[in-house]
Amino acid sequence: MKRVVVTGAGGGIGAGLARRFAADGARVVVNDLNADAARSVADEIGGLAVPGDAASETDVRALVDAAWADLGGIDLFCSNAGVLSSGDENTPDAQWQRDFGVNVMSHVYVSRALLPRWLDSGEPKRLLITVSAAGLLTLLGSATYSVTKHAALAYAEWLRATYAHRGLIVQALCPQGVRTDMLTRGNEDGSGSAALLAEGALTPEAVADQVAASLTGTGFLILPHAEVAEYYRLRASDPDRWLGGMNKMQRGFEGAR
């Protein structure tokens, strides 16, 4: 991949991806809502910073236009930006809307901007969508994250099923715990899920290494935590047992308070 764009690349997984692709010789455009963070990573790797809001279709189109002009095209777009909010059914509507905008609509906006340029171009193009293992399973303590990440996975599946024959390779990155600010904030808030995920958390660099290896093939799911595949299989084959186990875990979190 010689021409790459990464959203949410001011830190965490996004920064890890940007650094890895640059180290492999790619030219990288770094996007983040935090303009200073985007510029810092871009300066570090010799890339181009294009700050903006991944949940804004106007900003996403501007990002694609700027990246296309600078790189002469885009081979890989990493739609990585994401947000996590704790909460349940009583989470305010504004929070639901914000999380849906970043975790779902950002991917829709990317595909709207890119597919007219990519489809039937004669060369395969890759769209990497950072979903999270929560999109395959769930995340206790966050209704909005669980729901929006399931929606992100569903959209990635739909894109793959609809456009694979027209040169679009869609892959879904589904890590469990990763040592990012998102996980740190969860631990600071006393989240039982965050504490549990922290035990086996990977570094962003390790996740980026897994992504780089997976880009040599076309497998849809990229699972940096191998155990997620078994959890996903159990959820699909015996949902009652799986849900019972998750509820037992929830009761344990409540008893620990």
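For His225 (side chain) and Pro175 (main-chain N/O), no donor-acceptor pair under 3.5 Å exists by modelled atom type. For the pair Thr7 (side chain) and Asn80 (backbone), a donor-acceptor distance under 3.5 Å is present. Listed for the Thr216 side chain is a donor-acceptor partner under 3.5 Å among the backbone atoms of Ala213. Not one N or O on the side chain of Asp32 forms a donor-acceptor pair closer than 3.5 Å with the backbone of Ala35. A donor-acceptor pair is defined here as one N or O able to donate and one able to accept, closer than 3.5 Å; such a pair exists between the side chain of Thr91 and the backbone of Asp88. Panel note: side chain Arg3, backbone Gly72; a donor-acceptor pair is recorded below 3.5 Å. Side chain of Arg179 to backbone of Ala201: a donor-acceptor contact under 3.5 angstrom is found. Looking only at distances, no side-chain donor or acceptor of Asn31 sits under 3.5 Å from a matching main-chain atom of Val6. The closest donor-acceptor contact from the side chain of Ser237 to the backbone of Arg233 lies under 3.5 Å. At distances below 3.5 Å, not a single donor-acceptor pair connects side-chain atoms of Gln171 with backbone N or O atoms of Arg126.
Hydrophobic clustering keeps Met105 apart from Trp96 (ILVMFWY residues linked when any side-chain heavy atoms are closer than 4.5 Å, directly or through intermediates). Leu114 and Trp158 fall within a single hydrophobic cluster, where Ile, Leu, Val, Met, Phe, Trp and Tyr side chains are chained together by heavy-atom contacts under 4.5 Å. By the criterion of side-chain heavy atoms lying less than 4.5 angstrom apart, applied directly or through intervening Ile, Leu, Val, Met, Phe, Trp or Tyr residues, Ile169 is not grouped with Phe21; the two fall into different hydrophobic clusters. At a threshold of 4.5 Å between side-chain heavy atoms, the hydrophobic network of Ile, Leu, Val, Met, Phe, Trp and Tyr places Val108 and Val110 in one connected group. There is no path of hydrophobic side-chain contacts, each under 4.5 Å, that joins Leu33 to Val64.
Across all non-hydrogen atoms, the minimal contact from Ala54 to Ala81 is CB-CB, 3.7 Å. For Asn247 against Arg251, the heavy-atom pair with the smallest separation is OD1-NH1, 2.6 Å. The two residues Ala66 and Leu48 make their nearest non-hydrogen contact at O-CD2, 4.5 Å. For the pair Val104 and Ala152, the tightest heavy-atom approach, listed with the atom from each and the gap, is CG2-N, 4.2 Å. Nearest heavy-atom pair, Thr144 versus Ser85, reported as atom, atom and distance to 0.1 Å: OG1-O, 3.5 Å. The minimum heavy-atom distance linking Gly16 with Ala208 is given by the pair O-CB, 3.4 Å.
Applying the side-chain hydrogen bond (donor to acceptor under 3.5 Å, both in side chains) rule to pairs touching residues 103-114 yields Glu57-Arg112, Ser79-His107, Asn103-Thr148, Ser111-Tyr155, sequence neighbours excluded. For residues 139-163, the set of pairs meeting the salt bridge (charged side-chain N to carboxylate O under 4.0 Å, His left out) definition, not counting sequence neighbours, is empty.
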task: Kindly determine whether Tyr232 and Leu221 satisfy side chain to side chain contact (heavy atoms under 4.5 Å, CB included), including the steps that lead there.
output: CA-CA 11 Å; Tyr232 190 39; Leu221 292 178; 4.0 Å; yes
- request: Go through Val5 and Val28 one step at a time and tell me if the side chain to side chain contact (heavy atoms under 4.5 Å, CB included) criterion holds.
  value: CA-CA 6 Å; Val5 181; Val28 182; over 6 Å; no
task: Determine, stepwise, if the pair Val4 / Ile74 fulfils side chain to side chain contact (heavy atoms under 4.5 Å, CB included).
output: CA-CA 6 Å; Val4 180; Ile74 299 170; over 6 Å; no
query: Would Arg20 and Asp24 satisfy salt bridge (Lys or Arg N to Asp or Glu O under 4.0 Å), going step by step from the backbone distance to the final call?
result: CA-CA 6 Å; Arg20 173 58 195 256; Asp24 287 344; 2.8 Å; yes
- request: Go through the steps for Asp75 and Lys125 under the test salt bridge (Lys or Arg N to Asp or Glu O under 4.0 Å), then give the verdict.
  value: CA-CA 5 Å; Asp75 301 309; Lys125 302 297 183 183; 3.3 Å; yes
field: CA sep, side-chain torsions, deciding dist, call: Trp242, Thr138, side chain to side chain contact (heavy atoms under 4.5 Å, CB included)
entry: CA-CA 11 Å; Trp242 182 79; Thr138 193; 3.8 Å; yes
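Between the CG atom of Leu127 and the CH2 atom of Trp118 there is a distance of 5.5 Å, given to the nearest 0.5 Å. Put simply, CG on Leu140 and OG on Ser146 are 7.5 Å apart, with the number rounded to the nearest 0.5 Å. Ile222 contributes atom CD1, which lies 5.0 Å from atom CG of Leu128 (distance to the nearest 0.5 angstrom). Once rounded to the nearest 0.5 Å, the distance linking CG of Leu173 with CG of Leu153 reads 11.5 Å. Atoms CD1 and CG, from Ile129 and Leu159 in turn, are 5.5 Å apart once rounded to the nearest 0.5 Å. To the nearest 0.5 Å, atoms CG (Asp99) and OH (Tyr145) are separated by 10.0 Å.
The shortest distance between side-chain heavy atoms of Phe77 and Leu63 falls below 4.5 Å. Contact of the Asp70 side chain with the Arg27 side chain is registered, since non-hydrogen atoms from C-beta on lie closer than 4.5 Å. The shortest side-chain heavy-atom distance between Pro51 and Arg39 falls under the 4.5 Å cut-off. Using a 4.5 Å cut-off on side-chain heavy atoms (C-beta onward), Val50 and Val30 make no contact. No side-chain heavy atom of Tyr163 sits under 4.5 Å from any side-chain heavy atom of Val170. Side-chain contact between Pro204 and Val178 is present, with heavy atoms from C-beta onward closer than 4.5 Å.
For the salt bridge (Lys or Arg N to Asp or Glu O under 4.0 Å) test, no residue two or more places apart in sequence or in another chain qualifies with Arg98.
The neighbour count for Arg117 CZ, taken as heavy atoms of other residues, nucleotides or ligands under 6.0 Å away, is above 12. Environment of CD in Glu123: sparse, with no more than 12 heavy atoms of neighbouring residues, nucleotides or ligands closer than 6.0 Å.
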